[in-house]
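The structure presented is a predicted model; accordingly, all values stated were derived computationally and were not measured.
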Amino acid sequence: MIRLMIYSFCTFGCFAVRNPYDALNGWPKIHPPPNFKPNPPQGDLPPYHTPSLQSPINIRFIKAATVNLPPLEFEDMLNDGVRVIMRNTGTTVQFEIANESVMVPRLVGGPLTYHGEYEFSNLHVHWGTEDYLGGEHELNGRRFAIEGHCVHFKKEYQTIEEAEKHSDGLAVVAFFGKAGDVDNPKIERLVELLPSIRYPNSSVTLAARDSLDWFDELAEPFNYFTYPGSLTTPPYTENVFWIVYPRPMSVSSRQVEAFRNLLSNDLMVNRENIRPVQPFNSRPLIYSVPKLQ
């Protein structure tokens, strides 16, 4: 067992260090884990894997290989020409690009360097019944009050529906909110608007600069974890480049509680919308750092 654990860590960790750009794209075909078997595609969706690549996971820092990746860049996220719709979907609060926007934000670089541009699709939020149960991913076994997912799809596939059919179709950036006693003034405007979208399918339109400026403090070019995984909501496709920022932003318990007061599709109070942690299954886990000058 010990020998197997050492083999798995060296296979994926050392491979990632030698060839960081292809570490996520090439796995598991280049260095498959023991007993790996590809399952057939599910209809138009890409194949699932055995062992599975499901998300979220418990990110254990000791399992991560430190890799020098190019800077990760969020382009035009806060451009004055970008407007977003904040919507209660019946399962979450979701921010989408409004039709009157003159451009769409993009994500490039980092683990996506050899894969091209990824276009913004939506940003949505997960929360739980308690402040310590709201995140989906765990960091060394710890969960936070809220977790946000900024979903992107590969631009060459033109739509997220088409991208979901491809093994390199999606990239999701995750970030956390840690609850305390002090309000975060940068998200207070959004919290104040939540009662206006309490019912499913209700929405308000905002400028991206006014509604997403808090994201600018979280989105660093380095200092994030990245691994291959799946969507955490149906159809759970295993074609996601996950990028997870471990440093949480501060929010208040009062602000988190405002999300729990929204109504779900069955018109019940939506107290939680999280998926449990899934098995890690020896997949590669990378921590991105800048190159030393």
Review point. Only one of W242, Y245, F175, F61 clears ring pair (Phe, Tyr, Trp, His ring centres under 6.0 Å) with F225; which?
Key: F61
Check your understanding: In chain order, what residues pass the salt bridge (Lys or Arg N to Asp or Glu O under 4.0 Å) check against E238, with sequence neighbours excluded?
Key -> none
Practice item. Before accepting this row, confirm whether a basic side-chain N of the pair E257/R260 lies closer than 4.0 Å to the acidic partner's carboxylate O. Key: yes
Point to revise | salt bridge (charged side-chain N to carboxylate O under 4.0 Å, His left out) between R189 and E192, intermediate numbers included | key: CA-CA 5 Å; R189 182 183 182 192; E192 291 175 349; over 6 Å; no
Point to revise | Side chain N122, main chain Q94, donor-acceptor under 3.5 Å | key: no
Check your understanding: Does NZ or CZ of R275 lie under 6.0 Å from the centre of the six-membered ring of Y236, at an angle within 45° of the ring axis?
Key -> yes
Exercise for review: Ignoring hydrogens and angles, tell me if any N or O in the side chain of S167 forms a donor-acceptor pair with the backbone of N239 under 3.5 Å.
Suggested key: no
Review point. Is the side chain of Q255 donor-acceptor paired with the backbone N or O of N184 at a distance under 3.5 Å, no angle test?
Key: yes
Check your understanding: Is the side chain of N88 donor-acceptor paired with the backbone N or O of I197 at a distance under 3.5 Å, no angle test?
Key -> yes
Practice item. Sort out for me which residue in Y224, F280, Y227 forms a ring pair (Phe, Tyr, Trp, His ring centres under 6.0 Å) with H137. Key: Y227
**Study point:** Spacing of L133 atom CG and H126 atom NE2 [to the nearest 0.5 Å]
**Key:** 15.0 Å
Practice item. Mind listing the closest non-hydrogen atom pair of T89 and N265 along with its distance? Key: O-OD1, 3.6 Å
Review point. Would R254 and E188 pass as an ion pair if we require N to O under 4.0 Å?
Key: yes
Check your understanding: Which residue pairs satisfy the ring pair (Phe, Tyr, Trp, His ring centres under 6.0 Å) criterion with at least one member in residues 73-93, sequence neighbours excluded?
Key -> F74-F215
Exercise for review: Would you confirm whether the ring centroid of F241 sits within less than 6.0 angstrom of the ring centroid of H115?
Suggested key: yes
